[in-house]
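The structure appears right after this line, and notes come after that.
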Amino acid sequence: MTTACVSRAPPRADLTLSRPPNRIAQQITGRTYLSHSQLSVMRACPRKFEAQYVQHLSPDFVPTSLLLGGSIHAALELYFRARLEGLGVTREALLSAYHDAWNRNHHQNGEIPVRFNKGETREQLDALADRIIGSFLSSPLAEPKGVILGVEEELRVVLDPDLPDVLAKVDLVTQTDGAVHVVDWKTSRSRWTPEKAQESGDQLVLYGVTVGGMSRALGLPVKLTFAIVTKARKPIVQLLPVPTSAQRVAAMKDRVAEVWSHIQSGNFYPSPSPMNCTSCPYRSSCPVFAGR
């Protein structure tokens, strides 16, 4: 594998399409890049990947977990953008950002229904969001050390000449005297263990590569952290580090190359399992469930 090349600014279309793997990716998915979300979906169920990214089918429903997580992300983005500009922001403003994002995302989905879990209501989720925001504001995550360098930064990286660009949307990048810190926010039904953070670490390792140019220019190493906010009656915020190394970066690149090879093959077979299928929003189009 070669040294990764990173682009912070959106590349010109002609330059992007000058790379053959990007042209192949565009032919398959309509996009000139891969994303961590695409890679994760392909690993979990190639048929779902085909429905979502190749056929561009409308999902059967939008799960509330997706709306809640995205709306909490919007509130945290507002908070850190305000901090980046030296401004304060109230809890009420953050909750308003949450509501705006929920309504905007719901509107963008048009006629696609929202699927609530059993016994779940919008009012309960709004109250949960208020508790999550309160727990965030009283946690160390709300007072990051050092200087904020970027919030929701979109970065493209060339991991290898044979792979399409990989697009990463990095939640938070900060700088201290000792490191460039990459933080990714997650909402979760329960606490994460350190082992789960390590198992999920490919995403952060990839994001660490995208800020590699920045860290080298500053002469600082990259440190990776998952910020987990639980969706409990009393939410908690966990900060879980993910160690990285040259070997782990190389292994991550190999896994991306393997998934890309499967995408190019066009063998989008179903991968039925209780974990994949029960909550799949493309189940109605899956041949496994045809006629059921």
Side-chain angles (χ1 to χ4, degrees), residues 6-7 10 16 21-22 24-26 28-74 76-77 101 104-105 108-109 112 115 151-159 163-172 182-189 192 196-197 199-211 224 226-229 242 252-253 255-264 268 270-271 273 275-277 279-283 285-286:
V6 179
S7 172
T16 298
N22 289 356
I24 296 171
Q26 186 181 50
I28 297 172
T29 67
R31 303 178 179 185
T32 59
Y33 58 83
L34 297 174
S35 68
H36 175 74
S37 295
Q38 287 177 306
L39 296 168
S40 296
V41 171
M42 184 64 187
R43 287 192 190 104
C45 180
R47 170 54 195 159
K48 182 179 179 181
F49 177 91
E50 181 184 35
Q52 184 171 352
Y53 295 109
V54 179
Q55 297 176 327
H56 305 288
L57 300 180
S58 294
D60 302 330
F61 60 86
V62 179
T64 54
S65 59
L66 186 63
L67 284 173
L68 178 69
S71 301
I72 292 294
H73 256 70
L76 298 187
E77 179 181 355
R104 181 172 60 252
N105 292 334
Q108 287 174 351
N109 288 314
I112 302 172
R115 173 180 283 186
V151 181
E152 294 289 334
E153 286 281 350
E154 286 197 353
L155 304 170
R156 291 175 74 116
V157 59
V158 178
L159 293 177
L163 297 175
D165 296 0
V166 179
L167 179 71
K169 193 169 186 179
V170 185
D171 290 341
L172 180 66
V182 175
V183 182
D184 189 71
W185 314 317
K186 301 286 187 189
T187 53
S188 173
R189 293 181 62 184
W192 278 27
K196 180 173 175 58
E199 292 168 1
S200 306
D202 263 10
Q203 179 181 9
L204 270 179
V205 172
L206 171 61
Y207 289 4
V209 172
T210 68
V211 301
L224 311 173
F226 279 123
I228 311 300
V229 186
V242 174
M252 177 272 295
K253 291 179 180 179
R255 284 189 284 273
V256 172
E258 182 180 17
V259 175
W260 172 236
S261 176
H262 291 317
I263 290 172
Q264 290 184 92
F268 300 119
S271 181
S273 73
M275 180 176 295
N276 286 343
C277 301
S279 59
C280 180
Y282 297 95
R283 180 166 167 158
S285 65
C286 180

[X] versus [Y], closest heavy-atom pair with distance:
X: L224; Y: G208; answer: CD2-CA, 3.8 Å
X: Y33; Y: A25; answer: N-CB, 4.2 Å
X: N105; Y: S71; answer: ND2-OG, 4.5 Å
X: S188; Y: I228; answer: CB-CG2, 3.8 Å
X: S279; Y: F61; answer: O-CZ, 3.5 Å
X: N22; Y: T16; answer: ND2-O, 2.9 Å

Side-chain contact, heavy-atom cut-off 4.5 Å: [X] with [Y]?
X: Y53; Y: V41; result: yes
X: E258; Y: V256; result: no
X: L163; Y: L34; result: no
X: V183; Y: Y207; result: no
X: V182; Y: L172; result: no
X: M252; Y: L159; result: yes
X: R43; Y: D202; result: yes
X: L68; Y: T187; result: no

Spatial distance of atom [atom1] ([X]) from atom [atom2] ([Y]) [nearest 0.5 Å]:
X: T29; Y: I24; atom1: OG1; atom2: CD1; result: 11.5 Å
X: W185; Y: H73; atom1: CH2; atom2: NE2; result: 6.0 Å
X: L76; Y: E152; atom1: CG; atom2: CD; result: 9.0 Å
X: Q203; Y: D184; atom1: CD; atom2: CG; result: 4.5 Å

### Query
When you check the gap from the basic side-chain N to the acidic O, do D171 and K169 get nearer than 4.0 Å?
no
### Message
Would S200 and W192 count as a side chain to side chain contact (heavy atoms under 4.5 Å, CB included) here? Give the steps.
### Response
CA-CA 10 Å; S200 306; W192 278 27; 3.9 Å; yes
### Task
Just do the side chain to side chain contact (heavy atoms under 4.5 Å, CB included) check on V54 and F49 with the steps written out, would you?
CA-CA 7 Å; V54 179; F49 177 91; 3.8 Å; yes
### Task
Evaluate the criterion side chain to side chain contact (heavy atoms under 4.5 Å, CB included) for residue pair M42 and I263; output intermediate values, then yes/no.
CA-CA 8 Å; M42 184 64 187; I263 290 172; 3.8 Å; yes
### Message
Applying the side chain to side chain contact (heavy atoms under 4.5 Å, CB included) criterion to K48, which one of P281, P270, S285, C286 satisfies it?
### Response
P281
### Summary
Given the options C277, S273, S271, C45 meets side chain to side chain contact (heavy atoms under 4.5 Å, CB included) only with S271
### Query
Step by step, would you call T32 with R156 a side-chain hydrogen bond (donor to acceptor under 3.5 Å, both in side chains)?
CA-CA 11 Å; T32 59; R156 291 175 74 116; 3.2 Å; yes
### Query
Backbone N or O of S35 within a donor-acceptor pair of the Q38 side chain at under 3.5 Å?
yes
### Task
Applying side chain to side chain contact (heavy atoms under 4.5 Å, CB included), run through N276 and R283 and close with a yes or a no.
CA-CA 10 Å; N276 286 343; R283 180 166 167 158; over 6 Å; no
### Message
Would R47 pass as a cation-pi partner of F268, given that its NZ or CZ must be under 6.0 Å from the six-membered ring centre and within 45 degrees of the axis?
### Response
no
### Message
Determine whether K196 and E199 satisfy the following criterion, salt bridge (charged side-chain N to carboxylate O under 4.0 Å, His left out), listing intermediate values before the conclusion.
### Response
CA-CA 5 Å; K196 180 173 175 58; E199 292 168 1; 5.9 Å; no
